[in-house]
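Below is one structure, written out as structure tokens; the observations come after it.
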Amino acid sequence: MLNQYMEQIETFGTWFALAALFFLIGMAIQDVLKKGDVPKFGRIFVWLVLFLGCFGFIAKGIIQVIYESQGMG
């Protein structure tokens with residue numbers, strides 16, 4: 001039972017770490033775009049992709065933990 005919970009925490013932690021990494025990469029891209037002559041639409045697009053990607057990784061982790069706790073995964 002404890003092993004199952006540890007695996008779920010590890011799974012969610014992995015996806016959360018990927019979301020954090022994605023966010024940091026997106027922030028670096030945003031910083032580069034801010035210094036150049038990039039239209040506002042381009043920066044908004046980067047923010048949109050950045051947040052959708054982060055939420056996607058976190059949602060994937062939550063869904064995987066739910067499936068594994070139900071014995072489906």
Check: With F16, which residues qualify under side-chain contact (heavy atoms from CB on, under 4.5 Å), at least two apart?
Finding: F12, I58

Next item on the list: For I25, enumerate each residue passing the side-chain contact (heavy atoms from CB on, under 4.5 Å) test, keeping only those at least two apart in sequence or located in another chain.
Entry: L21, I29

Notebook entry, point to check: Going only through I, L, V, M, F, W and Y residues with side-chain contacts under 4.5 Å, is there a path from V49 to W15?
Noted result: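 Yes, because V49 and W15 connect within a single hydrophobic cluster, where side-chain heavy atoms sit under 4.5 Å apart.
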
Check: Would you call the rings of F51 and F23 parallel, tilted or perpendicular if under 30° counts as parallel and over 60° as perpendicular?
Finding: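 Tilted: the ring planes of F51 and F23 meet at 30° to 60°.
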
Next item on the list: State, with a plain yes or no, whether a side-chain heavy atom of W47 is found less than 4.5 Å away from one of M27.
Entry: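 Heavy-atom side-chain distance check passes, below 4.5 Å.
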
Item checked: Closest non-hydrogen atom pair between C54 and A19, with its separation -> SG-O, 3.4 Å

